[in-house]
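Quick notes on the structure that follows.
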Amino acid sequence: MSKTVTPYQNQATKKEQVADMFNNISKTYDFLNHFMSLGIDIIWRKKAINELKQDKPKLILDVATGTGDFAFEALKMLKPEKIIGVDISAGMLSIADQKIKKRALGAQFEVKLGDSEKLPFEDNQFDAVTVAYGVRNFENLEKGLTDIQRVLKPGGKAVVLEFSKPKGFPVKQLYNFYFNYVTPGIGKLFSKDARAYTYLPESVAAFPDGEAFRTIMNKSGFRDTKVRPLMFGICSIYTGVK
């Protein structure tokens, strides 16, 4: 397993540091996300949500929901009865709450503060669980995935969207240059917390992507696990069934 990468070099646990980091960048997060990915993140989200189209889930849990963008798109595309979003950052959830009120979606989407490794829900509760760009921030990856598996109903599906590391030339070289030099520069320019955008490439580099992540999903109790690389392997969609 790769070494643990944390946002800040202090004594707090990884999850405490991640919560602080997202609280610090919550106000500029949406803008920077779309700006730095040139809007491609929106296309990737739709592809991930499409993995649940045939399942028609009625109750969905969105782990590491952040400002809610993934959940809002899932509401639009899947028309579930309800989505519950959980996140460790109160700052990000505050932005999500504002969006929910503005769009009058309180009956269909609610958010709550919670830890991905100790989800505040009963066993076998959700038809589907989604995580978009959140698993690499888990302090204990296997523990988080095991808890996601716990709250899924038998036969329920987990869909994970996460950055991965492209292998082929020249995408690998361009990707590394953009992630290691351009992204921190843009983050420093627009965000109060420049370290957050240095942590991003570090956390992606340390993340066990591809088949390594699929192996961890299997160890966490999932079956029929699959990995689907997107855009030359810049991003990947992982699925597994309880």
Side-chain angles (χ1 to χ4, degrees), residues 1-7 12-23 45 48 51-52 57 59-71 74 83-90 92-93 96 111-154 156-165 196 199-200 202-227 235-242:
M1 184 65 82
S2 306
K3 72 182 178 75
T4 301
V5 172
T6 56
T13 65
K14 178 172 179 175
K15 67 182 67 170
E16 288 167 342
Q17 292 185 47
V18 166
D20 284 345
M21 178 187 77
F22 281 113
N23 287 339
R45 283 191 180 99
E51 295 286 342
L52 292 170
L59 181 61
I60 300 172
L61 174 64
D62 187 37
V63 175
T65 198
T67 61
D69 274 4
F70 192 87
I83 296 182
I84 298 175
V86 67
D87 201 280
I88 204 168
S89 164
M92 297 287 271
L93 292 181
V111 293
K112 56 170 67 184
L113 199 63
D115 183 346
S116 58
E117 292 167 28
K118 295 175 195 161
L119 293 166
F121 306 104
E122 301 292 320
D123 296 0
N124 310 315
Q125 193 173 338
F126 296 93
D127 301 304
V129 179
T130 57
V131 196
Y133 308 112
V135 290
R136 74 178 189 284
N137 296 319
F138 287 6
E139 188 159 56
N140 185 317
L141 189 52
E142 194 173 332
K143 196 174 175 186
L145 290 173
T146 301
D147 215 42
I148 285 169
Q149 196 265 5
R150 176 186 67 79
V151 301
L152 266 175
K153 289 178 182 174
K157 187 187 279 185
V159 177
V160 175
L161 177 65
E162 190 52 90
F163 287 113
S164 44
K165 300 179 280 290
Y199 164 74
L200 174 62
E202 289 174 4
S203 65
V204 173
F207 181 69
D209 62 341
E211 286 302 315
F213 183 75
R214 199 170 76 84
T215 299
I216 298 169
M217 285 189 81
N218 292 335
K219 276 180 72 181
S220 304
F222 289 97
R223 59 182 174 84
D224 300 334
T225 55
K226 296 183 178 75
V227 53
C235 207
S236 294
I237 298 168
Y238 304 90
T239 56
V241 177
K242 178 167 178 174

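Residue indices begin at 1 and follow the sequence shown.
A donor-acceptor pair under 3.5 Å links the side-chain atoms of Q17 to the main chain of A12, judged by distance alone. Side-chain N or O atoms of K242 include none that pairs as donor or acceptor with a backbone N or O of K153 at under 3.5 Å. The backbone N or O of F121 lies less than 3.5 Å from a partner atom in the side chain of R150, making a donor-acceptor pair. Without hydrogens or angle criteria, Y238 side chain to G210 main chain gives a donor-acceptor distance under 3.5 Å. A distance-only check finds a donor-acceptor pair linking the side chain of N23 to the backbone of A19 [under 3.5 Å]. In this structure, the side chain of R214 engages the main chain of T225 through a donor-acceptor pair within 3.5 Å.
The distance from atom OG1 of T239 to atom CG of L161, rounded to the nearest 0.5 Å, is 12.0 Å. How far CD of E16 is from OG1 of T6: 11.5 Å, rounded to the nearest 0.5 Å. Remark: T130 OG1 to I237 CD1 distance equals 12.0 Å, nearest 0.5 Å. Expressed to the nearest 0.5 Å, how far NZ of K226 lies from OG of S236 amounts to 15.0 Å. Here the straight-line distance linking atom CZ of R136 with atom CG of D209 works out to 11.5 Å at 0.5 Å rounding. The structure places CD1 of I84 at 11.0 Å from CG of D62, a figure rounded to the nearest 0.5 Å.
Here the shortest heavy-atom pairing between S116 and L119 reads O-CG, 3.6 Å. Among all heavy-atom pairs drawn from M21 and A196, the shortest one is CG-CB, 3.5 Å. When every heavy atom of V86 is checked against every heavy atom of P120, the shortest pair comes out as CG2-CD, 4.4 Å. When all heavy atoms of G68 and A96 are compared, the pair lying nearest together is N-CB, 4.1 Å. In plain terms, the two heavy atoms of E162 and V135 that are nearest each other are OE1-N, 3.3 Å. Counting all heavy atoms, side chain and backbone alike, P57 lies closest to D127 at CB-CB, 3.7 Å.
Looking at N137 and I88, their side chains never come closer than 4.5 Å, going by heavy atoms from C-beta outward. Counting only heavy atoms from C-beta outward, the side chains of I148 and F138 approach each other to under 4.5 Å. Put simply, the side chain of V5 reaches to within 4.5 Å of the side chain of Y199, judged on heavy atoms. Contact check for E142 versus I216: side-chain heavy atoms found under the 4.5 Å cut-off. Contact check for E51 versus V160: no side-chain heavy atoms found under the 4.5 Å cut-off. Under the 4.5 Å side-chain criterion, counting only non-hydrogen atoms from C-beta, L141 is in contact with P208. L93 has its side chain within reach of T65: a pair of non-hydrogen atoms, C-beta onward, lies under 4.5 Å apart.
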Practice prompt. Begin with the C-alpha distance, continue with both residues' side-chain angles, and end with the deciding distance and a verdict on side chain to side chain contact (heavy atoms under 4.5 Å, CB included) for D87 and V111.
Written response: CA-CA 8 Å; D87 201 280; V111 293; over 6 Å; no
Item to complete: Go through the steps to decide whether K15 and E117 satisfy the test salt bridge (Lys or Arg N to Asp or Glu O under 4.0 Å), and finish with yes or no.
Response: CA-CA 10 Å; K15 67 182 67 170; E117 292 167 28; 3.3 Å; yes
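Aromatic ring pairs are classed by plane angle as parallel below 30°, tilted from 30° to 60° and perpendicular above 60°; the pair F213 and F207 is tilted.
Y133 has its ring centre no less than 6.0 Å from the ring centre of F70.
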